Amino acid sequence: MNSIKIPFAPISKPMEASAGKTGLWRFLRPEIDVQRCIKCGICWMYCPDAVIVLDEEGVPHIDYEYCKGCGICANECPVKAIKMVREEGKP
Ligand code: SF4
Ligand code: SF4
């Protein structure tokens, strides 16, 4: 599958949304398998809190300070490179 070329444009930066810092209460955590990732940028486009940034090579990185664990990124990833895992110590 060909990856979509998205011009590097740092228009989206992780920031504190209405949910505030989520590290303490989030119970699911998205983890990206970079070997599987095709660098399409879809997770970056869909994250409602703009907590995913793409580096210069198009690899996505998640800011876990503000990620609320909604799972939209995992749901939208076309190659299932994002897995939602339970946070340690959470029911
Ligand atoms: S789980 Fe939700 S908030 Fe966290 S990176 Fe994915 S889409 Fe963004
Ligand atoms: S949606 Fe999936 S394949 Fe696309 S950049 Fe995000 S993790 Fe990589």
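Remember, it's 1-based here, ligands and their atoms both numbered in the order they're listed. In this text, all values refer to a predicted model and were calculated from it rather than measured experimentally.
Classification of Asp49 and Lys68 as a salt-bridged pair holds, one side-chain N sitting under 4.0 Å from a carboxylate O.
The protein non-hydrogen atom at the shortest distance from atom 4 (Fe) of ligand 1 is Cys67 SG, 2.3 Å. Cys47 SG, 2.3 Å is the protein heavy atom nearest to atom 8 (Fe) of ligand 1. Scanning all protein heavy atoms for the shortest distance to atom 3 (S) of ligand 1 gives Lys68 N, 3.5 Å. The protein heavy atom nearest to atom 2 (Fe) of ligand 1 is Cys70 SG, 2.3 Å. Nearest protein heavy-atom neighbour of atom 5 (S) of ligand 2: Gly41 N, 3.3 Å.
The line from SG of Cys70 to CZ of Arg26 is 10.5 Å long, rounded to the nearest 0.5 Å. Note that CD of Glu88 is 9.5 Å distant from CZ of Arg29, once rounded to the nearest 0.5 Å. In this structure, CD on Glu76 lies 10.0 Å from SG on Cys40, to the nearest 0.5 angstrom. Atom CD1 in Ile72 sits 10.0 Å away from atom CE in Met84 (nearest 0.5 Å). How far CD of Glu87 is from CZ of Phe27: 10.0 Å, rounded to the nearest 0.5 Å.
Neither the backbone nor the side chain of Cys73 has any atom closer than 4.0 Å to an atom of ligand 2 (non-hydrogen atoms only). Residue-level proximity to ligand 2 for Val79 is carried by the side chain, the only part with a heavy atom below 4.0 angstrom. With a heavy-atom cut-off of 4.0 Å, Val51 touches ligand 1 through its side chain alone. Neither the backbone nor the side chain of Leu54 has any atom closer than 4.0 Å to an atom of ligand 2 (non-hydrogen atoms only). Of all the heavy atoms of Ile52, the ones lying under 4.0 Å from any atom of ligand 1 belong exclusively to the side chain.
For ligand 1, the atoms closer than 4.0 angstrom to any heavy atom of Gly69 are 1 (S), 4 (Fe). For ligand 2, the atoms closer than 4.0 angstrom to any heavy atom of Cys37 are 3 (S), 5 (S), 7 (S), 8 (Fe). Of all atoms in ligand 2, listed by their number and element, those nearer than 4.0 Å to a heavy atom of Pro78 are 1 (S). Applying the 4.0 Å criterion to heavy atoms of Pro48 picks out, from ligand 1, the atoms 7 (S). Of all atoms in ligand 2, numbered sequentially from 1 with element shown, those under 4.0 Å from a heavy atom of Ile82 are 7 (S).
Looking only at side-chain heavy atoms (C-beta outward), Cys73 and Trp44 stay at 4.5 Å or farther from each other. Side-chain atoms of Val59 and Lys39, non-hydrogen and from C-beta on, do get closer than 4.5 Å to each other.
Distance alone, capped at 3.5 Å, is enough to place a donor-acceptor pair between the Tyr64 side chain and the Pro30 backbone.
Distances shorter than 4.0 angstrom do not occur between any heavy atom of Gly58 and any atom of ligand 2.
Looking at Pro30, Pro60, Cys43, it is Cys43 that brings a heavy atom closest to atom 6 (Fe) of ligand 2.
Of the residues Ile42, Ile62, Asp63, the one that meets the side-chain contact (heavy atoms from CB on, under 4.5 Å) test with Ile52 is Ile62.
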Walk me through whether Ile82 and Glu31 qualify under side-chain contact (heavy atoms from CB on, under 4.5 Å).
CA-CA 5 Å; Ile82 306 177; Glu31 287 187 356; over 6 Å; no
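For Cys77, every N, O or S atom stays at 2.8 Å or more from atom 8 (Fe) of ligand 2.
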